[in-house]
Amino acid sequence: MIKDITLGQYFPGDSVLHRMDARVKLLLTAVFIVMLFIAKGIEGLAVGIVFTVAAFLISKIPLKMMGKSLKPIIPVIIFTAVLNLVFITTGDVLWEWKFIKLTRDGLDTSLFMVIRIICLICGSSLLTYTTSPIDLTDAIEKLLSPLKKVKVPVHELAMMMTIALRFIPTLIEETDKIMSAQKARGADMETGNILQKAKALIPILIPLFVASFRHAEELALAMECRCYHGGEGRTRMKQLKMSILDLWGTLFCMVFLAGVIAVNYFTKR
Amino acid sequence: MSENFIEIKDLRFSYINDLEDPPVKTEVLKGVTLNIKKGEFVAVLGHNGSGKSTLAKCINAINLPESGGVYVAGMDTIDEMNLLPIRQRVGMVFQNPDNQIVATIVEEDVAFALENMGVAPDEIRRRVDEALKAVGMYEYRMHAPHKLSGGQKQRVAIAGIIAMRPDCILLDEPTAMLDPKGRQEVMKTIKMLNEQGVTIVLITHYMEEAAQAERVVVIDGGEVVMDDVPRKIFSQVEKMKSLGLDVPQVTELAWELQKAGYDISTEIIDEDECVAKLAELLQK
Ligand SMILES: Nc1ncnc2c1ncn2[C@@H]1O[C@H](COP(=O)(O)OP(=O)(O)O)[C@@H](O)[C@H]1O
Ligand SMILES: [Mg+2]
């Protein structure tokens with residue numbers, strides 16, 4: 001059961017978004033974030049919403065996957081909404097109870113913030129849904145490669161990401177085994193207060209830690225045996241390739257960015 | 001060509017632990033001399049801690065000799081310039097398949113060595129497909145390695161090595177963590193590679209596997225103590241037992257019979273042979 005976890009949250013498919021170059025997608029995601037943050041009012045944000053919905057429809061990702069990526073941030077959304085509602089006290093008062101005063105401005109701002117966060121999460125999770133982890137690390141390596149000139153170990157960082165992705169399932173499996181082994185020895189992990197539960201984790205974390213060092217040592221050896229000697233002179237089997245789709249994608253994104261800027265300009269505040 | 005592909009001359013090697021004060025030196029290999037010809041299938045036996053893994057790591061220049069020398073296709077392992085050519089010609093497969101798979105997708109992992117060697121993308125693609133087909137894992141090329149069985153993972157690891165097109169493969173207890181089915185798959189793959197002319201050095205604890213080799217080298221206390229064809233090695237049952245090693249079950253059976261006074265030779269290493277000998281014995 002625990003073996004079935006998926007790496008990252010890639011959702012394989014064949015949509016236009018899936019076929020776009022990972023580098024372009026990464027950059028366009030950055031543009032998308034900028035787009036959301038420069039939108040001044042709800043009108044500008046509407047353009048961002050249309051873009052998010054359009055990208056979502058193009059990606060052919062099921063709606064419930066979107067729900068899945070939103071679920072963990074529901075507390076953040078609620079927190080933001082409440083904070084804005086309570087602390088913005090300018091504008092027409094809508095409702096009052098003791099010291100709490102809900103105003104028109106507060107409602108507007110909190111709605112604006114909530115929509116922005118939802119768009120942000122949905123839009124950027126489209127990137128991870130439509131791009132395999134390998135393509136993503138490759139794209140990051142390629143995009144950051146100019147930093148090699150200033151001695152940033154870009155290749156090494158990308159390699160570390162790949163290996164981390166590779167070993168997450170292995171370590172989860174190992175945690176499972178260690179937990180069973182400790183339970184069989186009478187370790188109690190379910191009862192007690194937070195402090196006791198945290199303490200019960202120690203006999204799991206230590207063997208896990210030791211095991212990961214052993215993994216690391218053996219893996220390093222195996223990599224050396226397969227002629228690994230850093231990023232220098234390395235080639236890749238799969239090359240990232242740009243196509244006409246990427247041009248269209250970029251244009252599409254730029255039109256919306258221009259749209260947000262235009263709306264900002266024309267709506268008087 | 002039957003010249004020596006690997007030449008080991010009076011090799012000595014010690015691990016030095018700098019953390020202790022004064023540094024502790026563990027002498028592991030104490031003068032090993034061993035020649036391995038191209039295309040040979042050599043099994044290496046020895047009890048735990050006898051220095052088998054250390055010897056294997058000396059062959060592909062992970063460990064460098066303290067004295068003596070190791071030559072792979074005439075290249076000295078001590079010369080830094082020879083490092084990558086040696087590792088490309090002598091591939092190594094380890095015991096734990098989990099710790100030698102680097103990538104998140106089978107075919108990406110098989111491509112790893114070739115990418116390191118700077119092979120052109122089209123050529124990598126071709127060799128990866130070829131290697132995966134050779135080990136019978138082609139249908140699994142897009143799978144995530146952690147979802148494969150132990151035997152399958154080990155075959156992927158072997159594919160990653162044969163993609164380099166090495167002349168020789170060192171396997172350090174490749175079947176130790178596998179179930180019987182996985183062991184069989186791996187042994188079949190190893191024998192198939194040997195038939196294609198790849199030199200095989202197989203370190204193992206399973207005597208049935210060693211019996212399938214052309215030659216068996218027994219290491220004890222960092223020295224080569226026996227070096228012969230499997231039949232001759234395993235027939236010396238008492239000597240093997242004194243070295244803390246077993247013999248194949250059929251050899252053991254013949255030996256017990258011999259001890260009980262029956263007229264049977266201990267030069268038996270496979271089942272069919274044993275059955276024939278026993279039938280002969282019963283007829284007498
Ligand atoms: N990295 C190391 N550092 C120190 N000692 C080691 C190291 N690796 C192995 N040894 C020691 O060297 C001896 C031989 O080990 P090894 O070659 O792994 O034996 P084998 O593979 O035959 O079981 C053992 O006594 C072991 O403790
Ligand atoms: Mg060993």
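The figures that follow rest on heavy atoms only: side chains count, while hydrogens, waters and symmetry mates do not. Numbers restart at 1 for each chain; the letters A, B, ... are given by sequence-line order, proteins then strands.
- Under the 3.5 Å distance criterion, with hydrogens and angles disregarded, no donor-acceptor pair is assigned to the side chains of Glu173(B) and Thr204(B).
- Remark: the Ser14(B) side chain and the Glu66(B) side chain contain an N/O donor-acceptor pair separated by less than 3.5 Å.
- Interface remark: Phe112(B) contributes backbone and side-chain atoms alike to the contact with chain A (heavy atom separation under 4.5 Å).
- Looking only at heavy-atom pairs under 4.5 Å with chain A, the residue among Pro121(B), Gly160(B), Pro166(B) that has the most is Pro121(B).
- Looking only at atom types and distance, the side chain of Glu173(A) has no donor-acceptor partner in the side chain of His146(B) under 3.5 Å away.
- If you measure heavy-atom distances from Glu218(A) to chain B, the contacts under 4.5 Å come from both the backbone and the side chain.
- Side-chain atoms of Lys60(A) and Ser15(A) form no donor-acceptor pair, as typed in the model, at a separation below 3.5 Å.
- Heavy atoms of Gln95(B) lying under 4.5 Å from chain A are absent altogether.
- At a 4.5 Å heavy-atom cutoff, the contact between Ile62(B) and chain A is made by side-chain atoms alone.
- A salt bridge links Arg165(B) with Glu130(B); the closest basic N to acidic carboxylate O contact falls under 4.0 Å.
- By number of non-hydrogen pairs under 4.5 angstrom with chain B, the leading residue of His229(A), Glu217(A), Arg226(A), Gln239(A) is Arg226(A).
- Within the 4.5 angstrom heavy-atom criterion, no atom of Asp122(B) approaches chain A.
- Remark: Glu185(B) engages Lys181(B) in a salt bridge, criterion side-chain N to carboxylate O under 4.0 Å.
- By number of non-hydrogen pairs under 4.5 angstrom with chain A, the leading residue of Val93(B), Val119(B), Ile101(B), Ile161(B) is Ile101(B).
- Options Val128(B), Asp109(B), Leu170(B), Leu114(B) differ in how many heavy-atom pairs under 4.5 Å they form with chain A, and the most are formed by Asp109(B).
- The pair Asp129(B)-Arg125(B) meets the salt-bridge criterion, since a charged nitrogen lies less than 4.0 angstrom from a carboxylate oxygen.
- Top candidate by heavy-atom pairs under 4.5 Å with chain A, chosen from Ile124(B), Leu83(B), Asn99(B), is Asn99(B).
- Heavy atoms closer than 4.5 Å to chain A are found in both the backbone and the side chain of Asp98(B).
- Here Glu108(B) pairs with Arg236(A) in a salt bridge; the nearest charged N to carboxylate O distance falls below 4.0 Å.
- Between chain A and the residues Met117(B), Gln100(B), Glu123(B), the most heavy-atom pairs under 4.5 angstrom are made by Gln100(B).
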